[in-house]
Amino acid sequence: MQNQNYDPQAIEEKWQSHWEVSNKFLPKESEKKFSIVIPPPNVTGSLHMGHALEHSMIDVITRMKRLQGYETLWLPGTDHAGIITQLLVEKELEENGISKHDLGRENFLSKVWEWKEKSGDNITNQMKSLGMSCDWSRERFTMDEGLSEAVREIFISLYEQDYIYKGTRMVNWDTQLKSAVSDLEVSSSAENGKLWSIKYKTELDDYIVIATTRPETLLGDTAVAVNPDDKRYSHLIGKKVEVPIVNRMVEVIADDYVDPEFGSGCVKITPAHDFNDYEIGLRHDLDFVRCIDFEGNIESKDFIPTNLHGLNRFKARKEIINQLDNENLIHSIDDHEIQIPRGDRSKTILEPMVSEQWFVKTKDLAKKAIDVVENDEIKYIPKAWEKTYFEWMYNIQDWCISRQQWWGHRIPAWYDSEGNHYVGRDELEVRSKNNLSEKMELTQDEDVLDTWFSSALWPFSTLGWPNDNEDLQKYYPTSLLVTGFDIIFFWVARMIMMGIFTMNEIPFKDILIHGLVRDSQGRKMSKSLGNTLDPLELSKKHGADALRFSLIEKANPGQDVPFDEEWTVAAKKFGNKVWNAAKFVHMYTDELDSYELTEIKCSENHWIINRFNQTLEEFNSLMVTYKISDAYKTLYNYLWADLFDWYFEFAKTLMSNDSSKEETQKIIRHIFLKSLTMLNPAMPHLTEEIWSSFNKENLIDSSWPELINTNHDDDNFVENLKEIISSIRNFRLTYSIKNSTTISLFSVKIQEDWFTTQLSSLVNAHIEDINGLNNEESTTIFQSGKFKFEVVASEYFDKEKEVNRLENKINQLQKSLDVSKSRLENENFMKNAKQELIDLEKNNLDSSLDEISNLEIALNSLKR
RNA sequence: GGGCGCUUAGCUCAGUCCGGCAGAGCGCUUCCCUUACAAGGAAGAAGUCACAGGUUCAAAUCCUGUAGCGCCCACCA
């Protein structure tokens, strides 16, 4: 027997440890497989609302599949999150006055590992406390031995098949991290800046004006470009101009890139510090003169005035402007909105920098990854995201995978003293493969790989690749990926490419894209706005089940979730309702020895079975398209309105009668427990606890409901009954007739027994034959379908008010009647509409006419 | 500059693919402590389906355009 009150805290931890200890989350052998890998959270992070949403969605699907008899694996794990984690540890060290260079690489890394060990369990424990049904025995970490081996193997085979190359390229350089970052890790924002127009002397003893937003880069100018069709400057093409301050003579070149309409139509070209200029530099074979170093300071080179040496690039800008001004070389200064590229992690302004990096050639890999989505082997849900995916994939750039960091997978490449590189599993292998003498000194590449490189391997590396094992056979490709749209490029696209490259098979079939959790006003949750909510706190306050349900109830594909704590409060009330419903079922049914269903006779029981079946069917079909929110809203409405509000009341009547008692006891118990099973994936603790008060085995080991056989068509009689009950209750309210007052209802003929029994018991009425009614009495009428009841006016109500009520009712019916009438009289409608629809209108016409005429009779009797 | 999405009740959203009398939850109003549940029950009120045209017997739904909001991508110095 269950406790008196619903207390989530009292039951949730108990079941979490029970499930885990008794290995309930391990896959159970079955023909049908369902596997999913978690989008690995950062190992040092803690759970936020986005995680809670994502994990709740995954867990609902996972638990449903488990109940449906699939061999179900949800594989958890965490990501080493290279840059963020390193920054975090560096920051902590700095607070103690230690820099990572003081420690050196080895010592620093052991500090990071310490940190990882310390906080690594944090997020998994938080997941456990929300009841996530991951197979924790298979938990992985992107830097553990197996996954590191996978990274090495794939780096090597990509390299050997020419998909990885090392090259000197223009990259986005983060001067704080002192590392290259990929194009994707750059966010541009429009900011107010200046456009400086600067005079460059020409060899014709004249000057031209060039416009720039970054005057400090003129130190590295190696050309000035104009549009080839620009008549104003055609005489200068091929001539020299002098770059101020460094007094370098550079050529005026013609390039289509230059827009003659913008600024003066002349552009300074700095091939070493601008992406466009870099391209132009390549096209025109210009010199690449670096004038800013990797820390963002001006280089101390001979051609640069010494007062600028080592100066930070922004200070240098001021200094250069001053100097130009002194030399009278500033033509004008205008306000100008500029796009400032910042690093996602450090938030500092990035510097385009030419440097030597490792790249993945993506064109061919992307081609295959596009094909599998185009031919529907992989489906995005919602489908609209496929367009975004295609757009990026068609224009994909080579992927810069090296990072000048310490925390991460070190690049498996070694250099000899001449700078030649050799790729291999380790130094020994490199030597033997390349016939290098043992005397030759080799040093390993200092850099590590982009974190997303190891994440891209996640769907198979976590299953044990490169070892060909049972898990890989069974669970690859995985069934589903649930993730946010913000990492489609970072992660999803790359997993598809790497999955196909490595396994020759797609990594997952469906990609379910969820939305963002926002605050109740629809704003993004952010620390700076102070509108973040802590899922753990919410769970503590209202229960994990309530938190899960409040998220699930809003979680349709692609849909943002505007979250309000009220939703969680409401979900807890729902849990309480279910709890009390369970008590009710116990109270009325525990006395039976067997709950085996037998023949079903009662209309109300047929009705609830039909409602259950409809709900189950709708739920199942919504879940096929991952409309989790709609599925659970459907279940919620059915449970609360149909089962608890209506059916439980009907059942009380049925169970007070010996002839229908046992049948109803069986049905109510059966339906309740089946419905509870459907709720289980969303509210696992509550349902498991309730289940345990009815059954010996666990709900998690039970199975998903099937449709219940009923030989009875769904007639409308119970709906008629509900309608009449509602209108009589309305009638009571209108005339303040106390519930304790028994109303006398007169029926034309004594209606079916079950109907009148329910009616009289639910609205406290006494039902009599119409013959007992004095013809002179004014009456009012309640009708639905074939069921009709009259009530004597003088006993209960005010005639005038009732005339009003009836007239309103007639008006309503009349409107509907008019619609049907006009349609049926419309030749074109009769010609074109489906027969079904015509029949529907005819039926409506008939029933409306009938009801109206009955209401009019009552109306007349009142007006007498 | 390109691309995508959204606009339906006070709030959050279904419904739009495939046209057939506008739906749900929350909130709101009134009544009710009736032995599962007041964390509850009952009954209500509430919408020019953003706007303007068009197609159709029939449009929230299809077509064209407009406006507002949001997001993504992009090198105009």
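The chains referred to below are lettered A, B, ... by the order of the sequence lines, with proteins before strands, and numbering in each begins at 1.
Taking A/S550 as the reference, A/T568 meet the side chain to side chain donor-acceptor pair (under 3.5 Å) condition, with sequence neighbours excluded.
Sparse packing is recorded around NZ of A/K541, with 12 or fewer heavy atoms of other residues, nucleotides or ligands lying under 6.0 Å away.
Across all strands shown, B/U56 remains unpaired; no Watson-Crick or G-U wobble contact has both distances below 3.5 Å. Using the Watson-Crick or G-U wobble rule with both distances under 3.5 Å, B/U12 pairs with B/A24.
Residue A/T212 has its side chain nearest to B/A77 when only B/A43, B/A39, B/A77 are considered. Between B/A36, B/U12, B/C21, one nucleotide has an atom nearer to the side chain of A/R823 than all others, and that is B/C21. Set against B/G3, B/A39, B/C21, the side chain of A/V819 has B/C21 as its closest nucleotide.
Between A/Y257 and the phosphate of B/C75, there is no side-chain N or O to OP1/OP2 separation shorter than 4.0 Å. In this model, the phosphate group of B/G41 is approached by a side-chain N or O of A/W640 to a distance below 4.0 Å at OP1 or OP2. A close approach under 4.0 Å does not occur between any side-chain nitrogen or oxygen of A/N826 and OP1 or OP2 of B/A58. Close to B/C37, at under 4.0 Å from its OP1 or OP2, lies no side-chain N or O of A/K652. In this model, the phosphate group of B/A77 is not approached by any side-chain N or O of A/T213 to a distance below 4.0 Å at OP1 or OP2.
Within the 4.0 angstrom heavy-atom criterion, only backbone atoms of the sugar-phosphate kind lie near A/D645; the bases stay farther away. Within 4.0 Å (heavy atoms only), A/A225 reaches no atom of the nucleic acid at all. No contact: A/F275 has no heavy atom under 4.0 Å from any strand. Looking at heavy-atom distances under 4.0 Å, A/S820 makes contact with a base. Here A/D259 lies in heavy-atom contact (under 4.0 Å) with a base. The residue A/Y636 sits close only to the backbone: its heavy atoms come under 4.0 Å of sugar-phosphate atoms, none of a base. Backbone-only engagement by A/K633 is indicated by non-hydrogen atom pairs under 4.0 Å involving sugar-phosphate atoms exclusively.
As a whole-Å value, the separation of A/M655 CE from B/A36 P is 10 Å. Between the CZ atom of A/F644 and the P atom of B/C37 there is a distance of 14 Å, rounded to whole Å. Taking atom CD of A/E836 as the reference point, atom P of B/C21 lies 13 Å away to the nearest angstrom.
Side-chain atoms of A/S816 come within donor-acceptor range of the base of B/C21, with a qualifying N/O pair under 3.5 Å. In the interface, the side chain of A/K387 is not paired with the base of B/C4 through any donor and acceptor atom under 3.5 Å apart.
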Tabulate below the donor-acceptor pairs under 3.5 Å that side-chain atoms of residues 253-263 of chain A make, not counting sequence neighbours, or state none.
unit_1	atom_1	unit_2	atom_2	d
A/D255	OD1	A/Y257	N	2.9
A/D255	OD1	A/R283	NH2	3.1
A/D255	OD2	A/R283	NE	3.1
A/D255	OD2	A/R283	NH2	3.4
A/D255	OD2	A/H284	NE2	2.7
A/Y257	OH	A/N276	ND2	3.4
A/D259	OD1	A/E261	N	2.9

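Note: A/Y278 and A/H273 fail the aromatic proximity criterion, with ring centroids not under 6.0 Å apart. Between A/W385 and A/Y389, the gap from one ring centroid to the other reaches at least 6.0 Å.
In this structure a side-chain-to-backbone donor-acceptor pair under 3.5 Å is present from A/D277 to A/T270.
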